[in-house]
Amino acid sequence: MLGQAVKSAQASGKLLSVTVPENTIERPQNPEHGDYATSLPLKLARVVGQPPLSIAREIVNFIPSSPELASVVAAPPGFINFKLSDKWLAGQVDDILTAGNKFGNIDIGKGSKVQVEFVSVNPTGPLHVGHGRGAVLGSCLSSVLAAAGYNVTREYYLNDTGNQIEAFKRSFFARYQQQFGREAEVPADGYHGAYLVDYAKEVAAREGKRFLEMPEPEALREIGKIGLDMVVSEIKTDLDRLGVSFDVWFSEQSLYDSGLARKVMAQLQKEGHLALKEGATWFISTALGEDKDNVVVRGDGSPTYFASDIAYHYNKFFERKFDRVINIWGADHQGHVSRMKAVIGALGIDSERLTVLICQMVSLKRGEETVRVSKRSGDIITLRELIDEVGADACRYFFAARSADSQMDFDLELAKEQSPENPVYYVQYGHARICSVLKHAKEKGISYEGGDVSLLVTAPELNLIRKMLLLPETVETAAKALEPHHMAYYALDLATVFHSFYDTTRVVTDDASLTKARLKLVAAGQVVLARTLHLMGMNAPESM
RNA sequence: GCGCUUGUAGCUCAGUUGGAUAGAGCGCAGCCCUGCGGAGGCUGAGGCCGUGGGUUCGAGCCCCGCCAAGCGCGCCA
């Protein structure tokens, strides 16, 4: 509409014909500036050579009146402010109720195939809190993208082969042997955590000493498999408690079993991206502008994880034909981003189609003491312990509320004592309160059927509607920027506006028609708040 | 040394492509319950947006330098 008006103005000769920058509609922070605003006249002023304010006035003249808009005014130094009409706002309540739990959906994705790969932790031990952050981030992002109209696949890449896995198997076998009094040491580069002792006890009790009687390579293979399954199962349990689920668990080993890894290596070889140096095979990334080359096949003939990563991404783009791939990695993998993009390019894929989101570290504090997160030291805080302490919803909220690229301190003491006063409960309480009102009305035999929303005219009512209408825009912002944390702030805002409305406005009164209208508003609020919570993977409790 | 990320209120953090008076939660100081859940509402104090330059009508946001913190720079993942 704004673009139309600018064109009309230019056509009429009142405004010089110049290239108009992308229309920029903003939401002013000061309510006196209306619901929407544009600074287009300020941007045009220089090229056009007219004062911004007069440009604004000219454009305003060419904006047709419409039922949505109460006013369109030019404001100094050169803004155009749009104010929505109360009547149109009130009418949106019916639309929200009609949309139901689809409210907030948009279609910027147009059904394109997006893969979000996240967590993908080596199955060598329990998840710690840092993994929880990646899990929540990936999970929320996936939900948001799905709401934005993308066809989303959530995927966990299971590194079930390679050096770390071999180290795990040797460690586990050692713990198993110790159960029967044998002298066996966990390798120095192995996994020393106490959980392996527990698993070993369990296996010893269940399977007896039969692994002691077979040749070591066979024992390692068999008991290793059992150990991996146990770890994976624990990981799944933890993720499940956090409300994080996956569509696909992709096995690294399968890349070798299917021969894909070899095939992709052959292709890179053929196209001159590989070279033999010092007995190993290298991917020549320096030729593509990288700082250094990288080994794909070691001197002993075994492939590095980089080799399987290459095959894995070949699979993502060529075999499964994802339009876009989003990987969520921890900050400790940040150095691999550019080489991964380089190799994607070498395979003939536009590297823009791969986005790697780096999720910064979580440091844990217990009061003054900072706990380093390391999987190999014995004493770590697991994700499970965190969930036990603060609950899944609080975990999700706190992780989801922080942007991925800022490091965060998670103070366990604080998280514990914070319980009833933290934003998680504030938001959820808003939902419970709404449910309570609806229940109260129901008990009195009042339904909102036939309610006339045009009776909604007060500031608290209209402000609540305004805030509800922001959900689709918030989804769009979060989806475009791949920043799910916007949802958390929106949730808090929405709850605030509702609580404020609730405090000033009684819903169920003697005025039958007004009661119906307000019940509609509250019911719409419930729809929007529940949807927001669900997009964040949180519960929307009816009572608490 | 090089690369990536971060530096905003006492604390934890937002700030959408550069826009109007920089925000929220917690904490702090006041105030508000004849009523649908007070796990609530309202008001206030608190800021050289790390620092020094630059770009322009306009910079927390863009560019360069510097300082500080985290992570990375393996034939580990």
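Each chain gets a letter, A, B and so on, in the order the sequences are listed, and its residues count up from 1.
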#### Entry: Pairwise C1' distance for B/C48 and B/U8, with rounding to whole Å
12 Å
Next item on the list: Kindly indicate whether the side chain of A/V60, heavy atoms from C-beta on, has any atom under 4.5 Å from the side chain of A/V73.
Entry: no
- With sugar-phosphate meaning primed atoms plus P, OP1 and OP2, does A/E278 contact a base, only sugar-phosphate, or nothing at under 4.0 Å between heavy atoms? base
From the candidates B/C71, B/A14, B/G37, the one with an atom nearest any side-chain atom of A/M361 is B/C71
Checklist line | Between B/A45 and B/G30 - P atom distance, rounded Å | finding: 15 Å
Sorted by number, residues from residues 325-333 of chain A placing a heavy atom under 4.0 Å from RNA chain B are A/A331, A/D332, A/H333
A/H486 NE2 to B/A24 C1', in whole Å, measures 14 Å
* Asked: If you count the non-hydrogen atoms of other residues, nucleotides and ligands that lie under 6.0 Å from NZ in A/K444, is the total more than 12?
  -> no
In Watson-Crick or G-U wobble terms, with both distances under 3.5 Å, the base opposite B/G60 is none
Here the distance between atom C1' of B/G74 and atom CG of A/D293, to the nearest Å, is 14 Å
Between CD of A/E26 and P of B/A20 the distance, given in whole Å, is 8 Å
For A/D291, the side chain to side chain contact (heavy atoms under 4.5 Å, CB included) test, sequence neighbours excluded, returns none
Partner of B/C66 under the Watson-Crick or G-U wobble criteria, both distances under 3.5 Å, comes out as B/G50
Checklist entry - Looking across every strand, which nucleic acid part, if any, lies under 4.0 Å from A/N294 by heavy atom: base, sugar-phosphate, or nothing? => result nothing
field: Distance between C1' atoms of B/G54 and B/G41 (Å, rounded)
entry: 48 Å
Taking any heavy-atom pair under 4.0 Å as a contact, classify A/N81: base, sugar-phosphate, or nothing.
base
>> Taking any heavy-atom pair under 4.0 Å as a contact, classify A/S436: base, sugar-phosphate, or nothing.
In response: base
Which of B/G41, B/G37, B/A39 is nearest the side chain of A/R433? It is B/G37
Pair up each side-chain donor or acceptor in residues 471-488 of chain A with any protein partner under 3.5 Å, not counting sequence neighbours, and list the distances.
| from | atom 1 | to | atom 2 | distance (Å) |
| --- | --- | --- | --- | --- |
| A/E473 | OE1 | A/R27 | NH1 | 2.9 |
| A/E473 | OE2 | A/R27 | NH1 | 2.6 |
| A/E473 | OE2 | A/Y36 | OH | 3.0 |
| A/T474 | OG1 | A/L470 | O | 2.8 |
| A/E476 | OE2 | A/K480 | NZ | 2.6 |
| A/T477 | OG1 | A/E473 | O | 3.0 |
| A/E483 | OE1 | A/H486 | NE2 | 2.8 |

**Separation between the P atoms of B/G27 and B/A68, rounded to whole Å** = 35 Å
Of A/V508 and A/T304, the one whose nearest nucleotide on RNA chain B sits closer to the 5' end is A/V508
Hits for side chain to side chain contact (heavy atoms under 4.5 Å, CB included) against A/A432, two or more places apart or cross-chain, chain-then-number order -> A/M544
Please state whether the base of B/A77 and the side chain of A/D309 form at least one donor-acceptor pair under 3.5 Å?
no
In this structure, OG1 of A/T355 is separated from CD1 of A/I326 (nearest 0.5 Å) by 5.5 Å
Across every strand shown, the nucleotide meeting Watson-Crick or G-U wobble geometry with B/G37 (both distances under 3.5 Å) is none
Applying side-chain hydrogen bond (donor to acceptor under 3.5 Å, both in side chains) to A/Q253 and not counting sequence neighbours gives A/T161, A/D257
With sequence neighbours left out, the residues meeting salt bridge (charged side-chain N to carboxylate O under 4.0 Å, His left out) with A/D160 are none
With sequence neighbours left out, the residues meeting salt bridge (charged side-chain N to carboxylate O under 4.0 Å, His left out) with A/E252 are none
Need one value for A/G299: base, sugar-phosphate or nothing, where a base atom within 4.0 Å counts as base even if backbone is also close, heavy atoms only. base
B/G52 to B/A29 separation - C1' atoms, rounded to the nearest Å | 38 Å
Scan A/H33 against the nucleic acid and name what it touches under 4.0 Å (heavy atoms): base, sugar-phosphate only, or nothing.
base
Checking B/C73, B/A20, B/C36 against the side chain of A/K292 (C-beta onward), the nearest is B/C73
A/F79 has its side chain closest, among B/A20, B/G15, B/G37, to B/A20
Contact class for A/H336 (heavy atom, under 4.0 Å): base, sugar-phosphate, or nothing?
-> base
Rounded to whole Å, the CG-P distance (A/N463 to B/G41) equals 15 Å
Tell me what A/F306 touches on the nucleic acid: a base, only sugar-phosphate, or nothing, going by heavy atoms under 4.0 Å.
nothing
Paired to B/G27 by Watson-Crick or G-U wobble criteria (both distances under 3.5 Å) is none
| message | What I'd like to find out is whether the side chain of A/R396 reaches to under 4.5 Å of the side chain of A/C140, using heavy atoms alone. | response | yes
Testing B/A20, B/G40, B/G19 for proximity to the side chain of A/L42, the answer is B/G19
The glycosidic conformation of B/C66, counting syn as within 90° of 0 and anti otherwise, is anti
Of B/A14, B/G15, B/G40, the nucleotide closest to the side chain of A/S403 is B/A14
Looking for any heavy atom pair under 4.0 Å, which part of the strands does A/S308 touch: base, sugar-phosphate only, or nothing? nothing
Using the C1' atom in both, what is the distance from B/G50 to B/C42, to the nearest Å?
35 Å
Q. Are side-chain heavy atoms of A/P126 and A/E234 found at a separation under 4.5 Å?
A. no
So salt bridge (charged side-chain N to carboxylate O under 4.0 Å, His left out) across residues 515-525 of chain A, not counting sequence neighbours, yields A/D94-A/K520, A/E461-A/R518
Looking at A/H485 and B/A14, is any side-chain donor or acceptor paired with a base atom of the opposite kind under 3.5 Å?
no
Close side-chain approach of A/Q526 and A/L438, heavy atoms under 4.5 Å:
yes
Side-chain contact check for A/A280: nearest option of B/C75, B/G37, B/A20 is B/C75
Please classify the nucleic acid contact of A/M408 as base, sugar-phosphate, or nothing, using heavy-atom distances under 4.0 Å.
sugar-phosphate
A/Y397 OH to B/A24 P, in whole Å, measures 14 Å
- Could you work out the separation of B/C2 and B/A59 based on their C1' atoms and round it to a whole Å? 29 Å
Protein N or O to nucleotides 4-9 of chain B N or O, pairs below 3.5 Å:
| from | atom 1 | to | atom 2 | distance (Å) |
| --- | --- | --- | --- | --- |
| B/U5 | O2' | A/D405 | O | 2.7 |
| B/U6 | OP1 | A/D405 | OD2 | 3.3 |

Testing B/A24, B/A20, B/G38 for proximity to the side chain of A/A75, the answer is B/A20
Closest to the 5' end of RNA chain B, once A/D300 and A/R402 are matched to their nearest nucleotides, is A/R402
For B/C73, the nucleotide meeting Watson-Crick or G-U wobble distances (both under 3.5 Å) is B/G1
Give me the distance, rounded to whole Å, that separates B/G10 from B/G47 when you measure between the P atoms they each carry. 7 Å
